[in-house]
Amino acid sequence: MTVSYFRLAVILGLLTAIGPFAIDMYLPALPSIGSDLNAGTASVQLSLLVFFLSMGFGQIVIGPISDMTGRKLPLYGGLALFIVGSIGSALAPTVEWLIAFRILQGFGASPGMVVPRAVVRDLHTGVEAAKLMSMLMLVFSISPILAPLSGSVIIETFGWRAVFWTVGAIGVLGVVMLATSLKETRPPELRIGSSLVSALVGYRFLLGNGQFMGLALIGGAGISSFFVYLASSSFVLIDHFGLSPMLYSVFFSINAVAFFTMSQLTGVLTERYGLRRVVRMAVTGYATVMVLLLAVMTTGEQSLWVLASFLFVGYGFLGLVIPSTSVLAMDDHGEIAGTASALMGTLHFATGAVAMAIASLFFDGTPYPMVTAIAACAVIALGLTYLTLGRGREAAQAAAE
């Protein structure tokens, strides 16, 4: 691996991590935000949900713009909005104002989610793209590993508002990094055919492409299960199991370590078995573990260590699902990489937001509704995998080629 290859992965991973930092640092503060702003659990969870929705649907706009204007300009604009949204969230006097500024902050974070995937596709395909994507995921892993820990320290020392000042400063750092360290990967000559009309045509084509939609929704179902965990885990672990914000952060980080450690095997396994087999294996493992967790909890065994053990193994499998489905979905769409990345990201966040909203309706303070929703998402991902990448379909495609 060359120095420039690693350097690119670091830059893209850090830019991608800026938005999730605004989620992961914030999670330990959810109960205290509700108390400070006199807001109920549903209102506080809404401030998280609108961030996901804004960051998800913002991608549908940003992706085609990055095809038309290049990759760097949308990143500059997004980071500026992100910084403004962070400052507003830090100063919010009520939960309603917090929700409004979180919408702005989420939209500003959306270019960091969509553009790096397009940059990977600008430069690589196949196994090389899988390797770069897994390396990007490794750098990205600093968010769910370090952000909750640092967030809990900041919250206990300075209060929850300091979290938003911190992520605003990270946004400023992102602007500096973008200006000094990332080259444009979509030069003007490749933008000639890109326009609003071509973006709409591209979206229509992708929406009708069963292979792309299947892979995007497999990843979406997997991410949805993680989003359910994000929305519910702080209340379950802090309020139900009695963990401190610091111990909650450690618990959260351990699962993130499993996710991102396994993601590093994507390139090696892809070289040996191919992307399709890796996706099938990973989704099958993930669904099996999560269904077993639900079965165990249904018997009445709902201890913290049972929950921790199954989630650790399950999120390890999920760490293989996300990068492999992303690379495989975009492999044949290099000419509209920004548009493809945008639609995939929007589908991920839209399905995640729906799953979070449904799970919140049944939330009762215990882990059972959260685990049920996670297992349901995993089973949906498994069904989509065998509809999209079943052995019969693979044989038919090979014969057609």
Side-chain angles (χ1 to χ4, degrees), residues 14-59 61-62 74-113 142-144 146-176 227 230-235 238 245 248-249 252 349 352-353 356-357 360:
L14 291 176
L15 288 171
T16 303
I18 287 175
F21 245 90
I23 300 168
D24 299 333
M25 287 188 74
Y26 164 78
L27 292 177
L30 291 179
S32 60
I33 289 174
S35 176
D36 188 44
L37 297 180
N38 295 315
T41 299
S43 296
V44 177
Q45 286 186 321
L46 182 60
S47 71
L48 180 62
L49 176 61
V50 297
F51 184 92
F52 277 112
L53 287 172
S54 181
M55 186 160 62
F57 285 102
Q59 295 181 52
V61 177
I62 296 301
L75 285 169
Y76 279 121
L79 287 169
L81 288 177
F82 179 82
I83 293 167
V84 172
S86 299
I87 294 171
S89 296
L91 299 174
T94 66
V95 72
E96 290 79 15
W97 278 106
L98 176 63
I99 290 169
F101 280 111
R102 288 286 281 174
I103 293 172
L104 183 63
Q105 190 188 40
F107 189 84
S110 61
M113 302 303 296
I142 65 170
S143 174
L146 295 182
L149 292 170
S150 57
S152 62
V153 171
I154 290 170
I155 292 160
E156 291 180 359
T157 306
F158 302 105
W160 64 267
R161 295 180 188 274
V163 168
F164 292 107
W165 290 114
T166 303
V167 296
I170 292 172
V172 173
L173 178 62
V175 173
V176 174
F227 283 3
L230 287 178
S232 304
S233 60
S234 62
F235 296 100
I238 294 174
Y248 164 74
S249 300
F252 188 91
F349 278 83
M356 286 168 60
S360 68

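Treat the numbers as computed from the prediction; the structure is a model and nothing was measured.
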Quick note, side-chain hydrogen bond (donor to acceptor under 3.5 Å, both in side chains) partners involving residues 156-166, not counting sequence neighbours, are D36-W160
Let me see the working for T94 and L98 under side chain to side chain contact (heavy atoms under 4.5 Å, CB included), right down to the final yes or no.
-> CA-CA 6 Å; T94 66; L98 176 63; over 6 Å; no
G106 and S54: which non-hydrogen atoms are nearest, and at how many Å?
-> C-OG, 3.5 Å
Take I23 and M55 through the side chain to side chain contact (heavy atoms under 4.5 Å, CB included) test and state the conclusion after the steps.
-> CA-CA 11 Å; I23 300 168; M55 186 160 62; 3.9 Å; yes
Of the non-hydrogen atoms in L15 and G174, which two are nearest, and what is the gap between them?
-> CD2-O, 4.0 Å
Let me know which of L37, V95, I33 forms a side-chain contact (heavy atoms from CB on, under 4.5 Å) with S43.
-> V95
Would you say L48 and M356 make side-chain contact, with heavy atoms under 4.5 Å?
-> yes
Could you walk me through whether L91 and F101 pass the side chain to side chain contact (heavy atoms under 4.5 Å, CB included) test, one step at a time?
-> CA-CA 10 Å; L91 299 174; F101 280 111; over 6 Å; no
Going from OG on S47 to CD1 on I99, what distance comes out if it is rounded to the nearest 0.5 angstrom?
-> 6.0 Å
Does a side-chain heavy-atom distance below 4.5 Å link P111 with Q59?
-> no
F51-Y26 aromatic ring centre distance below 6.0 Å | no
Taking the side chain as every heavy atom from C-beta outward, state whether I18 and L14 have any atom pair closer than 4.5 Å.
-> no
When rounded to the nearest 0.5 angstrom, what is the spacing between CG in L30 and CD1 in I238?
-> 8.0 Å
For the student: nearest non-hydrogen atoms of M25 and I170, plus distance = SD-CD1, 4.5 Å
Tell me which donor-acceptor pairs under 3.5 Å the side chains of residues 75-89 have, and how far apart each pair is, sequence neighbours excluded?
from : atom 1 : to   : atom 2 : distance (Å)
S86  : OG     : F82  : O      : 2.8
S86  : OG     : Q105 : NE2    : 2.9
S89  : OG     : G85  : O      : 2.9

In this structure, are over 12 heavy atoms from other groups packed under 6.0 Å from Y248 atom OH?
-> yes
Nearest heavy-atom contact between A29 and I155 is CB-CD1, 3.3 Å
Is the shortest heavy-atom distance from the side chain of F164 to the side chain of R102 under 4.5 Å?
-> yes
